[in-house]
Amino acid sequence: MTNPVLIAPSLLSADFSRLDEDIRRVEEAGADLLHLDIMDGHFVPNLSYGIPVVEAVRRVTDLKLDTHLMIDNPLEFLEPFRDAGADSLTLHLEACPQPAPLIEEIHRLGMECGLAVNPDTPVAGLLPFVADLDLVLIMSVQPGFGGQEFRPEVLPKLVALSTWMAEHDHHTALEIDGGVTADNASHCRGAGARLLVAGSSVFGAPDAAAAIAALRGDE
Ligand code: DX5
Ligand code: ZN
């Protein structure tokens, strides 16, 4: 049996003046997790939000908080994010070229751990860590902003990684993030993605339930 595809709306595209309401809306529409984009204005050329927002989100939902750290030097923030209620932390290989001790620390703190690569970073650098990871995130846009165009040239990276994982009997979840819409979701699923992050195509849709169903590939 194939694993189900899970949909993680990215909060970056929510209405921050009505966060509680907007989270409930996507939760009722069938979101499986919530994707939280943390940006430091240094690793990426944008700032988003930090620990107090994660804490506030934790208070209004039981959805798993899939936390994407687009920050340099994440070590000192791992525990504060855990205390704020994050369920998983995803590091960037470009920010953490020696991620092993961080992966260990995230697990020691009781969270799941992911490792992400930017569109131009080959997947080879991820391979030594896959066995120790809960998820691998392939960026399909340059990180930093929501609402960008999906880059289809990253799909072969997903195929290569899922093939390699099957050959090595690894069951790490493959996540894709950036510009995912109903138009390209079937390509993402076909290439092996099991977690689809979608900001604008879910929060920006008039009918979030229909948008999530379309991403999932429901008939
Ligand atoms: C980009 C973020 C994404 C983004 C996705 O740096 O990592 O999670 O919010 O938003 P959309 O789906 O609008 O590209
Ligand atoms: Zn993200």
Side-chain angles (χ1 to χ4, degrees), residues 5-16 19 22-23 25-26 29 31-50 53-54 57 63-72 74 77 81 86-96 111-121 126 133-155 157-158 173-189 193-206 208 210-212 214-216:
V5 171
L6 302 179
I7 309 300
S10 163
L11 203 67
L12 208 54
S13 299
D15 179 345
F16 277 74
L19 211 44
D22 239 10
I23 290 171
R25 188 166 68 85
V26 296
D32 298 292
L33 351 137
L34 260 191
H35 183 84
L36 306 185
D37 286 304
I38 311 298
M39 302 179 182
D40 66 353
H42 194 255
F43 176 66
V44 288
N46 198 8
L47 290 166
S48 58
Y49 52 83
V53 172
V54 178
V57 170
L63 287 176
K64 193 165 156 180
L65 303 182
D66 169 37
T67 312
H68 179 189
L69 300 182
M70 286 161 275
I71 63 176
D72 281 324
F77 297 108
F81 275 115
D87 295 286
S88 69
L89 296 181
T90 295
L91 310 162
H92 263 267
L93 184 61
E94 298 85 0
C96 312
M111 293 176 285
E112 293 188 351
C113 182
L115 195 57
V117 285
N118 287 343
D120 297 327
T121 304
L126 293 168
L133 293 167
D134 302 287
L135 73 91
V136 169
L137 170 53
I138 303 293
M139 289 303 301
S140 38
V141 298
Q142 193 60 24
F145 300 90
Q148 300 181 74
E149 190 98 347
F150 182 80
R151 288 175 55 170
E153 68 269 23
V154 306
L155 290 170
K157 289 167 65 174
L158 273 178
L174 283 186
E175 182 172 44
I176 187 150
D177 181 10
V180 177
T181 64
D183 291 336
N184 55 45
S186 62
H187 300 296
C188 298
R189 297 192 308 266
R194 288 292 163 265
L195 278 168
L196 306 187
V197 176
S200 33
S201 68
V202 171
F203 279 102
I212 288 175
L215 291 168
R216 221 192 285 283

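When a ligand or atom number is given, it counts from 1 through the structure's own listing order. By convention here, the first residue in the shown sequence is residue 1. In this text, all values refer to a predicted model and were calculated from it rather than measured experimentally.
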message = What I'd like to find out is whether the side chain of I38 reaches to under 4.5 Å of the side chain of V54, using heavy atoms alone.
response = yes
ask   = Relative to each other, are the rings of H92 and F43 parallel, tilted or perpendicular (30° and 60° limits)?
value = tilted
Which pairs of N or O atoms, one from ligand 1 and one from the protein, are separated by less than 3.5 Å, and what is the distance for each pair?
{"from": "ligand 1", "atom 1": "6 (O)", "to": "G144", "atom 2": "N", "distance (Å)": "2.8"}
{"from": "ligand 1", "atom 1": "7 (O)", "to": "D37", "atom 2": "OD1", "distance (Å)": "2.9"}
{"from": "ligand 1", "atom 1": "7 (O)", "to": "H68", "atom 2": "ND1", "distance (Å)": "3.2"}
{"from": "ligand 1", "atom 1": "7 (O)", "to": "D177", "atom 2": "OD2", "distance (Å)": "2.9"}
{"from": "ligand 1", "atom 1": "8 (O)", "to": "H35", "atom 2": "NE2", "distance (Å)": "3.4"}
{"from": "ligand 1", "atom 1": "8 (O)", "to": "D37", "atom 2": "OD1", "distance (Å)": "3.1"}
{"from": "ligand 1", "atom 1": "8 (O)", "to": "D37", "atom 2": "OD2", "distance (Å)": "2.8"}
{"from": "ligand 1", "atom 1": "8 (O)", "to": "D177", "atom 2": "OD1", "distance (Å)": "2.7"}
{"from": "ligand 1", "atom 1": "8 (O)", "to": "D177", "atom 2": "OD2", "distance (Å)": "3.0"}
{"from": "ligand 1", "atom 1": "9 (O)", "to": "S10", "atom 2": "OG", "distance (Å)": "3.0"}
{"from": "ligand 1", "atom 1": "9 (O)", "to": "D37", "atom 2": "OD2", "distance (Å)": "3.0"}
{"from": "ligand 1", "atom 1": "12 (O)", "to": "G199", "atom 2": "N", "distance (Å)": "2.7"}
{"from": "ligand 1", "atom 1": "13 (O)", "to": "G147", "atom 2": "N", "distance (Å)": "2.8"}
{"from": "ligand 1", "atom 1": "13 (O)", "to": "S200", "atom 2": "N", "distance (Å)": "3.0"}
{"from": "ligand 1", "atom 1": "13 (O)", "to": "S200", "atom 2": "OG", "distance (Å)": "2.5"}
{"from": "ligand 1", "atom 1": "14 (O)", "to": "G179", "atom 2": "N", "distance (Å)": "2.8"}

Matching residue for R151 among E149, Q148, E153 - test: side-chain hydrogen bond (donor to acceptor under 3.5 Å, both in side chains) = E153
key: D40 side-chain N/O to H42 backbone N/O, donor-acceptor pair under 3.5 Å   = yes
key: Heavy-atom side-chain proximity of D183 to F150 below 4.5 angstrom   = no
task = Answer whether the closest heavy-atom distance between the side chains of M139 and L137 falls below 4.5 Å.
result = yes
ask   = For the Zn ion (ligand 2), which protein N/O/S atoms are closer than 2.8 Å?
value = H35 NE2, D37 OD1, H68 ND1, D177 OD2
key: Side chain proximity check, S48 to L12, heavy atoms < 4.5 angstrom   = yes
inquiry  = Using modelled atom types and a 3.5 Å cut-off, is there a donor and acceptor pairing between side-chain atoms of E175 and backbone atoms of L135?
reply    = no
key: Test item: side-chain donor near acceptor, H35 and D37, under 3.5 Å   = yes
